[in-house]
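I have placed the structure first, in the form of structure tokens, so that the comments after it can refer back to it.
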Amino acid sequence: MATQISPCSSLNQETLSSAKLFNFSKKSFPSRWVFKIHSKFNQFELKSSNGYPLNAVSLQDGAAEKPLAKEVALPEQTESNLSVTVVGASGDLAKKKIFPALFALFYEDCLPQNFIIFGYARTKMTDEELRENISRTLTCRIDKRENCGDKMEEFLARCFYHSGQYNSEQNFTELDDKLKQKEDGKSSNRLFYLSIPPNIFVDAVRCASGKASSKTGWTRVIVEKPFGRDSESSAELTRSLKKYLAEDQIFRIDHYLGKELVENLSVLRFSNLVFEPLWSRNYIRNVQFIFSEDFGTEGRGGYFDNYGIIRDIMQNHLLQILALFAMETPVSLDAEDIRNEKVKVLRSMRRLNLEDVVIGQYKGQSIGGKSYLGYTEDPTVPNNSLTPTFAAAALFIDNARWDGVPFLMKAGKALNTRRAEIRVQFRHVPGNLYKRNFGMDMDKATNELVLRVQPDEAIYLKVNNKVPGLGMRLDRSDLNLLYRTRYPKEIPDAYERLLLDAIEGERRLFIRSDELDAAWSIFTPLLKELETKKIAPELYPYGSRGPVGAHYLAAKYNVRWGDIAGEE
Ligand SMILES: NC(=O)C1=CN([C@@H]2O[C@H](COP(=O)(O)OP(=O)(O)OC[C@H]3O[C@@H](n4cnc5c(N)ncnc54)[C@H](OP(=O)(O)O)[C@@H]3O)[C@@H](O)[C@H]2O)C=CC1
Ligand SMILES: O=C1O[C@H](COP(=O)(O)O)[C@@H](O)[C@H](O)[C@H]1O
């Protein structure tokens, strides 16, 4: 019987003893390869995290069924150091997401034996102070608390800090000296995570690549969004980064691509016969991508006012999900094959028109005796700001599969709920025999597939069903795959998956520069028009469902938002 060992952690004794036959240590395998052990025969099947066999053979020729020969090519043993430098280590994202994700990877045994982490920022701090700061945000998974305290101590002991300016070659040379000292003369791979505001990305990359890149291994740089404000500034950023780095060293992160349900989208589509045949204009009436947060931009007003919700959420997170949803079947699960398909579908999209967009901005509201400030009442936001905190848009893909199908997006801050989901509304059943049982509103009887990305991850399909009894009453019910019931283990944070991928050189979930160009082309003309015409956003109360304009926009295309009350 084949046993699947989960990513990174705890290669069990059986695996290890089998591995010894081949003279490999646990650390000699790239950490996330999955071993299938056919214990009787001591066979290994090596897989990378995308499930694609490294020694891939076509299933058709039956070779996959044959036992693997003992001489099967296995990876070279490497004992490289890994040095991760978090640039902007004093900031919000570093504390909230990056250090906790690195700790989770360490806990799961996903990091190489020899790894160190450096925090880098202007703030003056000692190593101890950095450890103190980050220790407050490290947590263990609910189901994995064993030795948690010890693991944290071990992890913190590998964290160091260097204070410096982002544009100082001298300061990065000092960092390089410290890195070398800790790397202890071993060959070393270096990963830089740019967790800083975008105006200093290029300076930091220039200095890091010029003065602190690895001389003995790879150097990679994770770049956080925003990747520019429009097509031109994005292209300029790409050009500048490419002066110092090759494209394959740049890992543009969109953390939504690391979310479990987004990862699962392709699995759902391409590994189930029941979905892919329906995945086109023939059966799908519309698709909705919905993002909402029940808090405003408090504390991030300075950043947000320069970008707005379209750049913050739609042009990247929602559009990336849309591309995965709508792309053609890739040739393989290889990163370039997937990204090629995403680029194609993005390039088939129509540029957004002002008529197909509604924008809003939240205003102050008192809820349950507590008052919530409006967007422009935040001291870091100009009083007369027209920056949208809400937007809804209707997008179209002009290709054979999707011609005429509205892809609706809705994203907003300070709404009534926090959620991210994909809703697929199917067409009416032609000549439906049960039409009479549904009443006048046939839309209410159509099937809807919902992928709830967060919170409470789930996939459910709304189907019509007979209410048990002697009569013929129909009911809309859910076929529900609720993750917390089916998979009670805690789901890793998106940043864990993405950091691990960057360490392993897996680029599938990172944005290639041509994808980025295609994504900006869709939104740039609209963003410019909104700004030059100074279009005023529709005000909506903090904690509400957002502007009513969003409903008119959907109605224009015969669509009802699936997340409205009673429809969820
Ligand atoms: N926070 C979040 O939830 C998310 C953030 N991002 C992106 O990640 C990156 C980091 O975000 P976040 O941590 O929130 O950012 P912060 O504003 O907290 O900045 C990070 C660090 O950069 C330094 N810094 C801030 N402003 C400047 C400046 N004007 N000039 C030079 N240095 C500055 C500060 O360190 P010091 O003063 O010590 O040098 C600060 O601690 C940004 O690009 C952001 O857009 C993306 C998704 C979500
Ligand atoms: O990139 C961003 O994402 C967060 C939302 O991320 P989530 O994983 O918590 O859903 C959003 O709040 C922020 O404005 C945006 O920059």
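In each ligand, atom 1 is the first atom listed, and ligand 1 is the first ligand listed. Computed from a predicted model, the values in this text were never measured in an experiment.
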Determine whether the side chains of [X] and [Y] contain a donor N or O and an acceptor N or O closer than 3.5 Å.
| X | Y | value |
| --- | --- | --- |
| Gln454 | Asp456 | no |
| Asp254 | Gln320 | no |
| Lys95 | Ser90 | no |

Please identify which atoms of ligand 2 are closer than 4.0 Å to at least one heavy atom of [X].
| X | result |
| --- | --- |
| Gln454 | 7 (P), 10 (O) |
| Lys259 | 7 (P), 8 (O), 10 (O) |
| Lys413 | 11 (C), 12 (O), 13 (C), 14 (O) |
| His255 | 1 (O), 2 (C), 3 (O), 6 (O), 7 (P), 8 (O) |
| His317 | 1 (O), 2 (C), 3 (O) |

Check whether NZ of the Lys or CZ of the Arg [X] lies under 6.0 Å from the centre of the six-membered ring of [Y] and within 45 degrees of that ring's axis.
| X | Y | result |
| --- | --- | --- |
| Lys259 | Tyr256 | yes |
| Lys151 | Phe106 | yes |
| Arg206 | Phe201 | no |

Select the closest option to atom 13 (C) of ligand 2 among Lys225, Glu293, Arg300, judged by heavy-atom distance.
-> Arg300
Among Asp312, Val453, Asp254, which residue places a heavy atom closest to atom 15 (C) of ligand 2?
-> Asp312
Taking a 3.5 Å cut-off between nitrogen or oxygen atoms, can you list every pair linking ligand 1 to the protein, with distances?
{"residue": "ligand 1", "atom": "1 (N)", "partner": "Asp92", "partner atom": "OD2", "Å": "2.9"}
{"residue": "ligand 1", "atom": "3 (O)", "partner": "Lys96", "partner atom": "NZ", "Å": "3.1"}
{"residue": "ligand 1", "atom": "13 (O)", "partner": "Asp92", "partner atom": "N", "Å": "3.1"}
{"residue": "ligand 1", "atom": "13 (O)", "partner": "Leu93", "partner atom": "N", "Å": "2.8"}
{"residue": "ligand 1", "atom": "18 (O)", "partner": "Asp92", "partner atom": "N", "Å": "3.2"}
{"residue": "ligand 1", "atom": "32 (N)", "partner": "Arg122", "partner atom": "NH2", "Å": "3.2"}
{"residue": "ligand 1", "atom": "35 (O)", "partner": "Ser90", "partner atom": "OG", "Å": "2.9"}
{"residue": "ligand 1", "atom": "35 (O)", "partner": "Tyr166", "partner atom": "OH", "Å": "3.3"}
{"residue": "ligand 1", "atom": "37 (O)", "partner": "Arg122", "partner atom": "NE", "Å": "3.3"}
{"residue": "ligand 1", "atom": "37 (O)", "partner": "Arg122", "partner atom": "NH2", "Å": "2.9"}
{"residue": "ligand 1", "atom": "38 (O)", "partner": "Ser90", "partner atom": "OG", "Å": "2.7"}
{"residue": "ligand 1", "atom": "38 (O)", "partner": "Arg122", "partner atom": "N", "Å": "3.4"}
{"residue": "ligand 1", "atom": "38 (O)", "partner": "Thr123", "partner atom": "N", "Å": "2.9"}
{"residue": "ligand 1", "atom": "38 (O)", "partner": "Thr123", "partner atom": "OG1", "Å": "2.4"}
{"residue": "ligand 1", "atom": "39 (O)", "partner": "Arg122", "partner atom": "N", "Å": "2.9"}
{"residue": "ligand 1", "atom": "39 (O)", "partner": "Arg122", "partner atom": "NE", "Å": "2.8"}
{"residue": "ligand 1", "atom": "39 (O)", "partner": "Tyr166", "partner atom": "OH", "Å": "2.6"}
{"residue": "ligand 1", "atom": "41 (O)", "partner": "Ser90", "partner atom": "OG", "Å": "2.7"}
{"residue": "ligand 1", "atom": "41 (O)", "partner": "Gly91", "partner atom": "N", "Å": "3.1"}
{"residue": "ligand 1", "atom": "43 (O)", "partner": "Ile196", "partner atom": "O", "Å": "2.8"}
{"residue": "ligand 1", "atom": "43 (O)", "partner": "Lys225", "partner atom": "O", "Å": "3.2"}
{"residue": "ligand 1", "atom": "45 (O)", "partner": "Lys225", "partner atom": "O", "Å": "3.1"}

What pairs with Glu224 under salt bridge (charged side-chain N to carboxylate O under 4.0 Å, His left out), at least two apart in sequence or on another chain?
-> none
Residues Glu341, Arg339: salt bridge by 4.0 Å N-O rule | no
Are Tyr120 and Phe172 close enough that some pair of their side-chain heavy atoms sits under 4.5 Å apart?
-> yes
Of the options Met409, Glu421, Arg423, Lys410, which is the one that meets Phe289 in a side-chain contact (heavy atoms from CB on, under 4.5 Å)?
-> Met409
Select one of side chain, backbone, both or neither to describe which atoms of Tyr256 lie under 4.0 Å from any atom of ligand 2, heavy atoms only.
-> side chain
Which residue supplies the protein heavy atom nearest to atom 9 (O) of ligand 2, what is that atom called, and how far is it?
-> Arg418 NH2, 4.1 Å
